[in-house]
Amino acid sequence: MNPNQMMRLNKTAFLIAGACILSTKTFAQQLTKAQNQDLLKANQGAIVKLDGFLTEKITQIPFQKYPTPGPQYIISDDPEYIRVPEAIALKESVVPGAVRFYLYNVNGVKEPKQIDRKIIAMIKNTGKAPMRIKMLKYVSQAPSTNYFKLGKEGLASFLAAQPSEEVRIIKPGDAVPIDEKLEKYIVKYDELVHGFYEFLVDQPAEITVLQTDLKTSGKDALKRITNVLPPKTKSGAGRGLYGVSNYHVSNTTVIDTKNGTSSLVIADGVNDPWIIGREGTTGQQAKLAGNYGVIYDVELKWKSTDGKGLALITWNSRSADNQWCSGMAAAMKVSEGKFKDGIIQLPKDQLVTKAAPEAVLIQVFKPAANGEEQTIKLTYSPPGASCLPTPLILVPVDLNP
């Protein structure tokens, strides 16, 4: 979510209700026999080089999407780089219920010199009764300048997280860190504080992200800081409170291996618009350029009328047209195929995939013996620190070459 990486978001976002109808113009892509073999030999999550194969012109899969019930969603990524020694970078109010919170901020203080800081997310009970807070999903990572590592591992850990048994009690008017580890972390210049949280509260609450010195607690800093940084800066994807946190996506036409390679492109800001919300300190409309933190439940119907299987791959599609998109690292959950179902980091054995001809193998699906329809299930979220979109490409493969 580096501001330069966000150059990819200059496309116009069209608000499309219901089905997202995409171009059906065919761009024939066929594997060579050697490439077919390379995909079959590859381990899950491995990089496979497909010279001359990867392109953004691959036929896109028509899809429909709709919001599904989910938590109130807050993201803190504007400003991404907090350039002043002490300030508030986000302040949002939530109602009782489930909340998803994505923390993505960097110590950007360099004037008059680089200094160590703390970046802390606080939650304050603004109700009249004691507030109970219970974590449903919880990922805490030490600050780092390796944004790709934090984004990939954080998303994988969030998808795998289980509810905590602990219930914290917060008195009316009191405030505590959402993640107590944030009080202890020393955030050096240019280090990212990355956290993914989903929790329940039973009182109205206020969530604040602040940057302060190493000696001051989050509670004391919250009492004294009056400087709230403005949103809509040149740094970050967005901040605010959003009513959409989950989408269900399905294809409108059954994929048939006989029709060749096809690509599902979501989180692109065009066929899949950015979510809209409200920024709490100004009351203005907020737009989350990237839909980071939004969870997509994807179901793709497919069949094989020619006996071929399907290889699901992805790649860093923006490397050629944006100098800041030199790498991509993702994670998702995928249904069973040649490999067991589960969460996979992409790529698995390297930090990032760089550019074409590199593709990352996610799964290989086998055809049904009788040619009947099957369903591919994915849990996808736009990977933090990476350029978008990250196309999901379905490639017919000969399983018995």
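For the atom pair NE2 of His194 and CD of Glu153, the computed distance is 10.5 Å after rounding to the nearest 0.5 Å. From Ser250, atom OG reaches atom CD of Glu299 across 7.5 Å, with rounding to the nearest 0.5 Å. Between Lys219 atom NZ and Glu183 atom CD the span is 9.5 Å, to the nearest 0.5 Å. For the atom pair Ser317 OG and Leu54 CG, the distance stands at 9.5 Å (nearest 0.5 Å). For the atom pair Ser263 OG and Gln60 CD, the distance stands at 6.0 Å (nearest 0.5 Å). How far CG of Asn291 is from CH2 of Trp274: 5.5 Å, rounded to the nearest 0.5 Å.
Nearest approach of Tyr73 to Leu288, heavy atoms of both residues: CE2-CD2, 3.7 Å. What you find for Tyr242 and Ala286 is that their closest heavy atoms are OH-CB, 3.4 Å. Here the closest non-hydrogen pair linking Gly327 and Ser386 is O-OG, 4.4 Å. Taking both residues in full, the closest heavy atoms of Pro143 and Tyr185 are given as CD-CG, 3.5 Å, listed atom of the first, atom of the second, then distance. Closest of all the heavy-atom pairs between Asn43 and Leu361 is O-CD2, 3.9 Å.
By the 4.5 Å heavy-atom criterion applied to side chains, Leu159 and Tyr380 are not counted as neighbours. The side-chain heavy atoms of Phe199 and Ile123, taken from C-beta on, include a pair separated by under 4.5 Å. When side chains are defined from C-beta on, Phe365 counts as touching Ile376, because their heavy atoms get closer than 4.5 Å. In this structure the side chain of Val397 reaches within 4.5 angstrom of the side chain of Leu39, judged on heavy atoms. Between Arg83 and Lys110 there is a side-chain heavy-atom pair separated by less than 4.5 Å. Side-chain contact between Pro177 and Met122 is present, with at least one heavy-atom pair separated by less than 4.5 Å. Put simply, the side chain of Leu394 reaches to within 4.5 Å of the side chain of Leu300, judged on heavy atoms. Considering only heavy atoms from C-beta on, Thr261 comes within 4.5 Å of Ile393 through its side chain.
A salt bridge between Asp77 and Arg239 is absent, with no side-chain N of the basic residue lying under 4.0 Å from a carboxylate O of the acidic one. Salt bridge status for Asp38 with Lys49: absent, with no side-chain N to carboxylate O gap under 4.0 Å.
More than 12 non-hydrogen atoms from other residues, nucleotides or ligands lie less than 6.0 angstrom from NZ of Lys137. Within a 6.0 Å radius of NZ in Lys149, other residues, nucleotides and ligands contribute 12 heavy atoms or fewer. Surrounding CD of Glu336 are more than 12 heavy atoms belonging to other residues, nucleotides or ligands, all under 6.0 Å away.
Judged purely by atom type and a 3.5 angstrom limit, Arg168 uses its side chain to pair as donor or acceptor with the backbone of Ile178. Here the side chain of Ser235 pairs a donor or acceptor atom with the backbone of Glu80 at under 3.5 angstrom. Judged by distance alone, the side chain of Asp174 and the main-chain N or O of Val176 form no donor-acceptor pair under 3.5 Å. Without hydrogens or angle criteria, Gln211 side chain to Ile88 main chain gives no donor-acceptor distance under 3.5 Å. At distances below 3.5 Å, not a single donor-acceptor pair connects side-chain atoms of Ser262 with backbone N or O atoms of Ile61. Checked by atom type and distance alone, the side chain of Asn246 pairs as donor or acceptor with a backbone atom of Pro69 at under 3.5 Å. Formation of a donor-acceptor pair under 3.5 Å by the Thr233 side chain with backbone atoms of Asp78 is not found in this model. In this structure, the side chain of Thr216 does not engage the main chain of Thr212 through any donor-acceptor pair within 3.5 Å. The backbone N or O of Leu150 sits less than 3.5 Å from a side-chain atom of Gln141, completing a donor-acceptor pair. A donor-acceptor contact shorter than 3.5 Å links the side chain of Glu279 to the backbone of Thr282.
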Practice problem: Might you work through the side-chain contact (heavy atoms from CB on, under 4.5 Å) test for Asn316 and Thr390, ending with a clear yes or no? | Solution: CA-CA 6 Å; Asn316 182 18; Thr390 56; over 6 Å; no
Quiz item: So Asn105 and Val209, side-chain contact (heavy atoms from CB on, under 4.5 Å) or not? Walk me through it.
Solution: CA-CA 9 Å; Asn105 293 101; Val209 174; 3.7 Å; yes
Practice problem: Let me see the working for Lys301 and Thr375 under side-chain hydrogen bond (donor to acceptor under 3.5 Å, both in side chains), right down to the final yes or no. | Solution: CA-CA 5 Å; Lys301 300 290 186 181; Thr375 302; 2.9 Å; yes
Exercise. Start with the C-alpha gap between Asp190 and Thr145, add the side-chain angles, then the distance that decides, and say whether side-chain hydrogen bond (donor to acceptor under 3.5 Å, both in side chains) holds.
Key: CA-CA 6 Å; Asp190 213 31; Thr145 55; over 6 Å; no
Exercise. May I have the step-by-step check of side-chain contact (heavy atoms from CB on, under 4.5 Å) for Val187 and Asp116, ending in yes or no?
Key: CA-CA 6 Å; Val187 187; Asp116 295 344; over 6 Å; no
Exercise. Evaluate the criterion side-chain contact (heavy atoms from CB on, under 4.5 Å) for residue pair Lys377 and Val298; output intermediate values, then yes/no.
Key: CA-CA 6 Å; Lys377 295 184 178 182; Val298 181; over 6 Å; no
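Each of Glu92, Lys91, Lys124 was compared with Thr208 under the side chain to side chain contact (heavy atoms under 4.5 Å, CB included) criterion, and only Lys91 meets it. Remark: of the listed residues Tyr102, Tyr197, Phe196, Phe196 is the sole one forming a ring-ring contact (aromatic ring centres under 6.0 Å, His included) with Phe158. Only one option out of Thr257, Val395, Leu399 pairs with Lys308 in a side chain to side chain contact (heavy atoms under 4.5 Å, CB included); it is Thr257. Results of the salt bridge (charged side-chain N to carboxylate O under 4.0 Å, His left out) test with Glu86 over Arg224, Lys118, Arg117, Lys215 single out Arg224 as the only residue that passes.
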Which pairs of donor and acceptor atoms, one on a side chain in residues 349-358, lie under 3.5 Å apart (sequence neighbours left out)?
unit_1: Thr353; atom_1: OG1; unit_2: Glu358; atom_2: OE1; d: 3.0
unit_1: Glu358; atom_1: OE1; unit_2: Lys354; atom_2: N; d: 2.8

